[in-house]
Amino acid sequence: MGNKNIQSADGKLGVLVVGMCGAVSTTFIAGTLSVRKKYSEPIGSLTQLGTIRLGKRNENRFPKIKDVIPLASLEDIEFGGWDIRNENLHESCKIAQVLNEKDIDPIRKELEQLRPMRGVFDQEFVKRLEGEFVKEGKNHWEKMNEVRHDIQAFMKAKNCQRAVVVWAGSTESYLTLHDIHKDLNTFEKAMQENHKAIAPSMVYAYAALSLGIPYINGAPNLTTDIPALQELAKINKAPIMGKDFKTGQTMMKTVLAPMFKTRVLGLSGWFSTNILGNRDGEVLDDPGSFKTKEESKLSVIDSILQPQLYPELYSNIYHKVRINYYPPRKDNKEGWDNIDLFGWMNYPMQIKVDFLCRDSILAAPLVLDLVLFADFAKRCGMYGIQGWLSFYFKSPMHKKDEVPEHDLFIQNTKLKNTLRKIIHEETLDYLEDETPIEAYEYISDSMQDVNRTK
């Protein structure tokens with residue numbers, strides 16, 4: 001839902017990150033500080049470098065998004081968050097080993113001043129980590145109130161007019177929808193009773209949404225997929241979005257799979273494997289956390305290819321995903337894909353992709369974009385599931401009666417058309433670019449004649 005009156009972006013924006021000391025978070029925060037000081041360029045960020053076409057193609061209006069959309073300024077962002085490790089962000093950057101010393105040193109002072117608040121932790125949901133710096137509340141409800149207090153105290157101390165909470169923490173163990181998730185009253189009661197089907201991510205989400213603050217789910221955790229938290233988001237008019245940042249291998253799938261479908265080429269198998277060595281890799285070495293991630297990665301191909309509509313092409317695909325923890329690789333993940341496809345007269349072909357990517361380098365600009373767009377959505381009066389931001393996620397949140405869109409280029413068009421609509425610009429369908437309007441009038445008149453004949 002939206003409001004024509006967009007509230008001003010003036011004032012401080014608090015960005016509170018869950019998993020503040022992790023590789024993605026430190027890369028995002030350090031990178032934003034570096035861009036703010038003009039030490040680096042915001043490469044990979046649509047909000048900072050991306051353009052948007054306005055009007056007809058022959059008008060040649062292609063401004064940068066940030067020049068026509070009233071987004072918060074990077075200068076106005078205040079960083080905070082939570083973690084289960086107690087260290088300043090300069091130490092965290094060194095531990096993560098994503099960024100070089102030469103890129104960290106110019107912002108060392110700012111990083112040293114940033115420390116996390118105690119995190120909400122339950123080892124049942126992240127088996128491979130130990131909680132060293134955690135909240136002591138006796139149940140989920142008490143811990144949630146501690147998180148609420150953290151948010152309010154942070155905003156007061158930093159003089160923030162608005163805030164966004166983003167989960168950049170670990171993938172939690174696989175969790176399915178439980179009866180306690182199905183309505184808000186039951187969920188709140190279950191929080192007080194410390195129910196085992198409530199994950200730490202849900203505690204953070206409840207705290208944020210109860211204050212009307214946007215919540216971004218950057219992992220494949222169930223979290224805001226549940227009706228109870230969607231109800232809370234609606235009551236307090238808070239945007240929610242997720243899930244699971246779309247960075248390396250899955251980004252490639254959302255580009256290649258639409259190509260196969262567009263050209264109606266068949267697919268018999270897609271084998272994907274990853275090796276990575278950061279904390280994310282260690283967490284995913286646990287079968288429970290891997291199951292959550294696997295569900296997110298496997299959903300993409302079926303959703304794009306629609307085997308029910310193309311049974312002769314896609315009804316018998318063997319799709320396998322593997323993630324292997326390999327410490328020497330650190331944050332430099334390698335995603336390898338073997339794709340078996342077939343074409344005319346069933347002749348087989350193969351594609352092999354080897355993406356040696358830097359996971360946190362790809363994720364960091366996504367976090368920046370999502371933070372700015374989440375705040376923008378809130379100021380526009382938009383709340384609940386923000387499907388227009390599916391561009392950024394492996395498993396885009398969607399309404400119960402909708403099919404999620406995974407095609408990267410359709411997602412991009414949807415995002416930009418939403419922005420155009422908000423600023424009262426014409427949305428694009430590309431029809432007017434090539435065909436004179438007289439042709440449409442002729443076609444329309446001809447169809448009316450046909451219908452009258454019938």
Side-chain angles (χ1 to χ4, degrees), residues 22-24 27 43-44 96-98 128 170-171 174 218-220 243-263 265-305 307 313-314 316-343 347-366 391-396 406-409 411:
V24 169
T27 307
I43 296 169
Q97 295 184 293
V98 177
R128 296 296 167 93
S170 299
T171 298
Y174 188 65
K243 56 187 185 178
D244 203 4
F245 300 135
K246 181 161 60 181
T247 50
Q249 191 174 63
T250 307
M251 179 175 66
M252 296 299 296
K253 287 184 176 179
T254 62
V255 172
L256 291 173
M259 178 184 76
F260 301 147
K261 181 182 172 184
T262 302
R263 294 296 298 266
L265 294 171
L267 186 66
S268 52
W270 197 317
F271 178 81
S272 302
T273 190
N274 301 263
I275 54 173
L276 70 162
N278 58 14
R279 187 158 62 158
D280 192 32
E282 185 177 3
V283 167
L284 292 172
D285 207 31
D286 170 66
S289 292
F290 172 71
K291 173 69 172 170
T292 308
K293 178 68 78 170
E294 182 184 35
E295 289 289 314
S296 174
K297 282 176 164 284
L298 286 173
S299 65
V300 172
I301 289 179
D302 270 1
S303 181
I304 291 174
L305 298 179
L313 300 177
Y314 309 123
N316 194 30
I317 301 170
Y318 183 85
H319 187 198
K320 181 65 73 177
V321 174
R322 286 281 179 264
I323 298 176
N324 300 288
Y325 179 47
Y326 182 56
R329 190 52 63 96
K330 302 185 175 70
D331 193 66
N332 298 328
K333 183 171 74 174
E334 182 168 358
W336 184 82
D337 289 88
N338 177 80
I339 306 161
D340 285 283
L341 61 157
F342 56 92
Y347 274 76
M349 295 173 279
Q350 284 191 351
I351 295 176
K352 298 186 190 299
V353 180
D354 192 10
F355 191 5
L356 287 83
C357 64
R358 294 175 178 263
D359 223 24
S360 298
I361 293 296
L362 290 169
L366 270 61
F391 177 75
Y392 294 101
F393 299 105
K394 288 188 184 77
S395 301
H406 283 280
D407 183 318
L408 187 72
F409 300 103
Q411 290 174 334

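Position 1 is the first residue of the sequence; numbering continues from there. All values below were derived from every heavy atom in this structure, side-chain atoms included, with hydrogens, water molecules and symmetry-related copies excluded.
- Taking both residues in full, the closest heavy atoms of F260 and W270 are given as CE1-CZ3, 3.7 Å, listed atom of the first, atom of the second, then distance.
- By the 4.5 Å heavy-atom criterion applied to side chains, D302 and P307 are counted as neighbours.
- No donor-acceptor distance shorter than 3.5 angstrom exists from the side chain of D331 to the backbone of A23, with no hydrogens or angles considered.
- Closest of all the heavy-atom pairs between Q411 and P396 is NE2-CG, 3.8 Å.
- Distance check, rounded to the nearest 0.5 Å: CZ of F342 to CG of L267 gives 7.5 Å.
- Of the candidates N324, D337, N338, T273 forms a side chain to side chain donor-acceptor pair (under 3.5 Å) with just one, namely N324.
- Only one option out of T250, V321, I317 pairs with I301 in a side chain to side chain contact (heavy atoms under 4.5 Å, CB included); it is I317.
- Between the side chains of K253 and S272, a donor-acceptor pair is found at a separation under 3.5 Å.
- For the residue pair P258 and D407, the shortest heavy atom distance occurs at CB-OD2, 3.1 Å.
- A side chain to side chain contact (heavy atoms under 4.5 Å, CB included) with R358 holds for exactly one of T247, V98, N332, T27; it is N332.
- Expressed to the nearest 0.5 Å, how far CD1 of I275 lies from NZ of K333 amounts to 11.0 Å.
- F409 approaches V255 most closely through the heavy-atom pair CE1-CG1, 4.0 Å.
- In the displayed structure, Y326 atom OH is contacted under 6.0 Å by at most 12 heavy atoms of other residues, nucleotides or ligands.
- From D359, atom CG reaches atom CD of E334 across 12.5 Å, with rounding to the nearest 0.5 Å.
- Annotation: R128, atom CZ; neighbour count of heavy atoms from other residues, nucleotides and ligands within 6.0 Å is above 12.
- No side-chain donor-acceptor contact under 3.5 Å links S303 to the backbone of V300.
- The two atoms that bring L305 and A257 nearest to each other are CD2-O, 3.5 Å, heavy atoms only.
- Relative ring orientation between F245 and F393 is described as parallel, the plane-to-plane angle staying below 30° on a 0-90° scale split at 30° and 60°.
- The shortest side-chain heavy-atom distance between V353 and W336 does not fall under the 4.5 Å cut-off.
- Using modelled atom types, no side-chain atom of Y314 and backbone atom of S268 make a donor-acceptor pair closer than 3.5 Å.
- Of all the heavy atoms in K246 and K394, the pair that sits closest is CB-N, 3.7 Å.
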